[in-house]
Amino acid sequence: MFWMFVTGLCFVAVTALVKYLGDELPAAQQAFLRYLLGLVFLIPMWPALRATPITRSALTLFGARGFIHALGVMLWFYAMTQIPLAEVTAMNYLSPIYVTLGAALFLGEKLAMRRILAVLVAFLGALIILRPGLREVSSGHLAMIGTAIFFAGSYLMAKRMSGQVSASVVVAMLSLIVTICLAPFAYAVWVPPTGAQLLGLLAVAAFATAGHFTMTLAFAAAPVTVTQPVTFLQLVWAVALGALVFGEGVDLFVVLGGMVIMASVLFITWREAVLRKQEKRAVPAP
């Protein structure tokens with residue numbers, strides 16, 4: 001729980017820094033520079049990457065995942081300049097829901113009625129946040145919906161690759177390929193960055209890398225059912241940061257919608273843990 005607490009602080013720091021940088025640099029260029037500068041943190045992984053044999057099929061999967069993830073990153077950077085921090089954070093909770101749907105559609109996992117109901121509840125939470133018909137649904141909201149879908153696809157591909165190569169190789173390949181995929185988009189809209197902007201994006205890369213590292217430590221130390229509830233604190237911090245630092249109003253509908261989505265995610269996570277325990281008990285001892 002401590003490591004997941006630190007993870008939440010790191011990811012909120014990422015969103016705050018991107019929000020602070022604003023839209024003076026195009027979203028595609030910010031995303032590219034974040035990953036390009038972040039490559040320095042992959043230096044310790046280089047020996048493992050060189051020593052790992054990568055098949056052509058694995059390389060194809062790495063490439064597809066990198067491209068999909070790059071699209072999600074660009075949309076996320078764009079959304080950060082268009083809608084409040086709390087709305088970005090709350091809508092980001094939809095990614096696990098899309099992962100659940102994708103696992104059923106593409107990986108052949110069973111989707112029981114309880115999971116279907118949990119997914120419907122999550123979409124209800126999204127509607128509470130968006131409130132279509134009661135207010136304008138902006139391009140930033142649509143970008144966050146796309147972000148959650150693309151990130152879910154990336155996570156599903158990572159799940160397929162996790163049994164083939166080590167986690168460090170999966171992370172390193174993602175960073176390399178996303179940087180390559182973002183390069184032409186950034187070149188098309190390139191604006192000369194200032195030293196302060198480069199320093200800010202380097203800090204974004206540092207906090208993002210640290211967050212992924214501490215999240216890995218959290219998953220290794222405790223079950224997901226223990227660590228997952230702590231992620232809800234990110235919404236609390238995002239609401240507070242948006243109000244205190246960026247002058248964003250506290251939208252109770254966003255908080256309520258985020259809680260509804262998070263409750264759905266927690267239920268799905270808990271059910272998966274219960275099913276895994278039942279499967280282990282059902283396996284006869286050798």
Please report, to 0.1 Å, the donor-acceptor pairs under 3.5 Å made by any side chain of residues 1-9, with sequence neighbours excluded.
{"unit_1": "Thr7", "atom_1": "OG1", "unit_2": "Trp3", "atom_2": "O", "d": "2.8"}
{"unit_1": "Thr7", "atom_1": "OG1", "unit_2": "Thr214", "atom_2": "OG1", "d": "2.7"}
{"unit_1": "Thr7", "atom_1": "OG1", "unit_2": "Met215", "atom_2": "N", "d": "3.1"}

Would you tabulate the side-chain donor-acceptor contacts of residues 171-182 under 3.5 Å, counting partners in other chains and residues two or more places apart, or write 'none'?
{"unit_1": "Ser175", "atom_1": "OG", "unit_2": "Val171", "atom_2": "O", "d": "3.2"}
{"unit_1": "Thr179", "atom_1": "OG1", "unit_2": "Ser175", "atom_2": "O", "d": "2.7"}

Distance-only donor-acceptor hits, side chain of residues 75-82, under 3.5 Å, sequence neighbours excluded:
{"unit_1": "Tyr78", "atom_1": "OH", "unit_2": "Ser139", "atom_2": "OG", "d": "2.7"}
{"unit_1": "Thr81", "atom_1": "OG1", "unit_2": "Tyr78", "atom_2": "O", "d": "2.7"}

Give every donor-acceptor pair under 3.5 Å between a side-chain atom in residues 196-206 and any protein atom, sequence neighbours left out.
{"unit_1": "Gln197", "atom_1": "OE1", "unit_2": "Thr194", "atom_2": "N", "d": "2.9"}
{"unit_1": "Gln197", "atom_1": "OE1", "unit_2": "Thr194", "atom_2": "OG1", "d": "3.4"}
{"unit_1": "Gln197", "atom_1": "NE2", "unit_2": "Glu24", "atom_2": "OE1", "d": "3.3"}

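The list of ring pair (Phe, Tyr, Trp, His ring centres under 6.0 Å) pairs with a residue in residues 173-207, not counting sequence neighbours, is empty. Screening residues 4-21 for salt bridge (charged side-chain N to carboxylate O under 4.0 Å, His left out), with sequence neighbours left out, gives Lys19-Glu248. Under the salt bridge (charged side-chain N to carboxylate O under 4.0 Å, His left out) criterion, no residue pair touches residues 143-156, with sequence neighbours excluded. Applying the side chain to side chain donor-acceptor pair (under 3.5 Å) rule to pairs touching residues 199-211 yields nothing, sequence neighbours excluded.
Residues satisfying the side chain to side chain donor-acceptor pair (under 3.5 Å) criterion with Ser57, sequence neighbours excluded, are Thr55. For Tyr35, the ring pair (Phe, Tyr, Trp, His ring centres under 6.0 Å) test picks out no residue, with sequence neighbours left out. Applying the side chain to side chain donor-acceptor pair (under 3.5 Å) rule to Arg65 yields the partners Ser154; only residues at least two apart in sequence or on another chain are considered. The side-chain contact (heavy atoms from CB on, under 4.5 Å) search around Val189 returns Pro26, Ala28, not counting sequence neighbours.
Looking at heavy atoms from C-beta onward, Gln29 lies in side-chain contact with Pro193 at the 4.5 angstrom threshold. With a 4.5 Å cut-off on side-chain heavy atoms, Phe151 and Val99 do not count as touching.
Taking the centre of each ring, His69 and Phe150 stay at or above the 6.0 Å mark.
The 12-atom threshold is exceeded at CZ of Phe246, counting heavy atoms of other residues, nucleotides or ligands nearer than 6.0 Å.
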